[in-house]
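First the proteins, then the strands, lettered A, B, ... as listed; each starts at 1.
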Number of protein chains: 2
Amino acid sequence: MNLKDLAASLGLSQTTVSRALNGYPEVAQATRQRVLAAARAHNYSPNTRAKALATGRAMAIGHVIPLATSTELVNPVFADFIAGASETYMRHGYDIVLSVIGDDDEDRVYRDMAAKRMVDGVILQSPTTDDRRIALLRDLGLPFVVHGRATDLPDDYPYVDVNNRRAFKRATEFLIDLGHRRIALVNGRSQLGYAVRRQAGFVEGMAARGLTPDPDLLLADEMTEGYGHAAMRTLLARPDPPTAVLAASTIIAFGMRRAADDAGVRLGRDISLITYDDDLSYFRNGGAEAVFTALRSSVRMAGRRAAELLVDLIERPHDAAGLPRQDLLEAELIVGRSTGPAPSA
Amino acid sequence: MNLKDLAASLGLSQTTVSRALNGYPEVAQATRQRVLAAARAHNYSPNTRAKALATGRAMAIGHVIPLATSTELVNPVFADFIAGASETYMRHGYDIVLSVIGDDDEDRVYRDMAAKRMVDGVILQSPTTDDRRIALLRDLGLPFVVHGRATDLPDDYPYVDVNNRRAFKRATEFLIDLGHRRIALVNGRSQLGYAVRRQAGFVEGMAARGLTPDPDLLLADEMTEGYGHAAMRTLLARPDPPTAVLAASTIIAFGMRRAADDAGVRLGRDISLITYDDDLSYFRNGGAEAVFTALRSSVRMAGRRAAELLVDLIERPHDAAGLPRQDLLEAELIVGRSTGPAPSA
DNA sequence: AAGCACATTCAAAGCGCTTTGGTCAGCACA
DNA sequence: TGTGCTGACCAAAGCGCTTTGAATGTGCTT
C-alpha cells in the first residue's frame, strides 16, 4: 500500500492525503480523520526511502563502531552507549545506521556516509589524541557529536565527555589519603583521548601531594578482562608491588580481581583498587553495595545526551550561532569494598 | 555531486554514466574508464536513497536488539554478533539498521520495517519458546534469519543456532564422569529458546546416567554478572550445596567465581563449574589456558553465518525451492581449570 | 550500393514521496 | 453585481537514481 493507492481508495489527491498524515493545517478536520483511519486500516506507513529522497532528510544517524585494529575486538561499552542513544532517537523518529569497521578505514566510511546521504549526522566514538576525523567531518559538512574528546586539538566541536582528568585526580587523592604511595594505573590504549586524560589526572593527583608516579607502574592496553588479569599478575610479581591500583574499566577490574584471587591477595586489604565504571548493564558493579570502589558515570546516559545534542544540531543547526555544544559529565566516586588503608610495611 | 552533474561534466547521458558505474556491458571500454576516473576525481558516490527507491533494494539489513523488558539490559553478546554479521555485510555492500527496543514492542518494529521498506531483510534475535515474530515475518514477506530457535514451533524457518541441547548434555556427562551427582544449572531466562534447550540437554545428560536433577538446583534469570554472583551465593548457602554447576554464560561464570572467592571456595577443587562461552572479545575465557572449562562457540561466527544465510536468501530467494536454510553449530568442550573430581564426601 | 547486424549512446518514464503553485466554491462586503 | 478572501482541495514538478525503448553510427554482407 502506497500513498497513491491510499489516495485513490479515499477518492482524494496524494497531496491532501500527504498533508493530512503530516499534520498540515490546510486539511478539513473530517477529511483528516478519514485519512488517518484509512491509513491505520491499511497499515500504511510511508516508504522511508521515498520520503528521504523527497525531503532531503534521511531520519537516520550513523554510528561507527571501531574494531580495535588487528585485535578485532568490539568493546561492550558501545552496546550500552547505543542503547542510551536509541532512547533519544526513538522519541525523535531517527533510525540508527551502524558500521562496524577497522579503525584504519573509518575515513572512508564517513566520506561514504556523507556522499551517499544516508544519514543526517554521525556520532564519533573513541577519538584519538589528534583525531583526523573531526576535521574531516567538519569539511564534509556532516553534523556530528564526539563521544569523548581529542587532546591535541582545540575543543571547538560538539562533544559529550566525562571529566576523566578530574575523576582520576580525585581517585588518586583518595588513595593517597588512605596512605598509599606506590600506585599503579592500568589504563586503556594510550592513543585514546580518555586514556591520556586519565593518566594526566592521575599524575596531577600524585603531584598535588608531592608524589611522582613510577613509570613502571603505568600500564596501557586494550581493556579486556584478560589484560586486567595479566596486568595485575605483572604488578604483583614485582619486588616492590604497588599498594593500590587504578583501573580504567570494570572489565579490567574483574580481570585484576581474578589475578589477585589467584595470588591469594585480597582486594581492599592487601591491595586497593579503584576502577572506572561505565555502569554497563550486564556488568554492574555490585547491587546494593558496590564491589569495587569506583568512578561511576553511566555510558548509557552519555549515549542519551550525545544523541540529544546531535538531534538538536541537525534540527536547529543555526541556533548555536557557531557556539559548540558540549557536555562534560562528572563521575561519582563510589566507595565499595576494594579499597582500604595502605598496609603498613 | 550527483549523477546529473557528473554526466554533464563528461558530456554524456545519465544512462551511460549509470551503466558505466554499475558495470553494464553496453558501454565502450574507453568511456567506462573516463567515467570511473571522473567519479573518483569528484568523489562521487550514488545517493543511497535514490538508488534504493529506483531499484527497490535498500541494501540494508535490520537488526533488532531486544532490551530485556523492565530491566532494560543490553546483552553484550549482541555486540559480537553484529561485529560478525557486519563482516559479511561489508563484503556484500549492505548496511545495518539497528533498532534497540523493549521486547514487548518488537512486533511494531518489524511491521514498520516492512511497511517502510527500509531494509531488505532482518535478523531475529533471542527467540522465545513460541515466538510470534516468526509467523509475523513470514506473513510480512520480509526475508529473515533467526539467531537461535523457538522450541514450540516447527523448525521450518531459516536459522543459525548452536546445538545447545547436545552441548549441555555432554557437559553434564563430563561432570558425572568426574563423580559429580548434585549438579546445578544457572540458566538464562526460561522463556528463551536456548535456555529451554540447555535445560533439556542437562536433564538428558543426567537421565542418561540414571540421575534426576534437583529442581531446587535449577536457576534462571537475566544473565548478568550480578545474577551469577547471587546464584552462586544461594547455592553455596544451601545445607547440601551442589558439587558442580553449569553456567549459561561467561558473564554469569565470572559472577559465580566472585561469589566462590568471597566464600573461600575454590573452583575446580571445592566446586566444579562449566560455562557456556560465546567467546566475547572483551571477555575471553583465558588466553593460552582456559580459565573455565567451557562449551565454546563463537557468537561472532554465528553472526557471520547468519548474515551469509540472510544475504543469500535475499539475493537468491528461489534457489532454496522452499527448503529452509539452517545451520546448527556445535560447541567445543574445552577443559580449563574450573573442573575437577567431585570432592569425596 | 543497399541492407543489416552490432556496438554505443540517449531521452524519458518511473520508483513513492513532498511541496509549489495553482483552482474552485462559498461567503462577506460594497 | 462584482470584488476579494478564505478554506479545502488538486495537478504536476522534483528529489537522484535505474531501466526501457529508441536512435545513431559503423562495418560487413550480398
Contacts to DNA chain C from residues 20-49 of chain B, heavy-atom cutoff under 4.0 Å, which residues?
-> B:Glu26, B:Ala28, B:Thr31
B:Gly11 or B:Thr55, whichever maps to the more 5' nucleotide of DNA chain C | B:Gly11
Presence of donor-acceptor pair under 3.5 Å, side chain of A:Thr15 and base of C:dT19 = yes
Scan B:Asn22, B:Thr15, B:Thr16 and name whichever one has a side-chain contact (heavy atoms from CB on, under 4.5 Å) with B:Arg19.
-> B:Thr15
Exactly one candidate in B:Tyr110, B:Phe144, B:Tyr89, B:Phe78 meets ring pair (Phe, Tyr, Trp, His ring centres under 6.0 Å) with B:His63; the answer is B:Tyr89
Taking only N and O in the side chain of B:Lys51, is any of them less than 4.0 Å away from OP1 or OP2 of D:dT18?
-> yes
Is there a donor on the side chain of B:Thr16 or the base of C:dT8 sitting less than 3.5 Å from an acceptor on the other?
-> no
Let me know the distance between CG of B:Leu6 and P of D:dT18, rounded to the nearest Å.
-> 11 Å
N/O donor-acceptor pair under 3.5 Å between B:Arg57 side chain and B:Ala52 backbone = no
Please report, rounded to the nearest Å, how far the P atom of D:dC10 is from the CG atom of A:Leu3.
-> 13 Å
Between B:Asp95 and A:Met118, the two heavy atoms sitting closest are OD2-CE, 2.9 Å
Whole angstrom is fine here: how far is it from CD in B:Gln14 over to P in D:dG16?
-> 10 Å
Are A:Glu106 and A:Arg132 close enough for a salt bridge, meaning some N to O gap below 4.0 Å?
-> no
Heavy-atom donor-acceptor pair, A:Asp327 side chain to A:Asp161 backbone, under 3.5 Å | no
Rounded to whole Å, the CZ-C1' distance (B:Arg117 to D:dC17) equals 18 Å
Short side-chain N/O contact to C:dT18 OP1/OP2 from A:Ser18, under 4.0 Å | yes
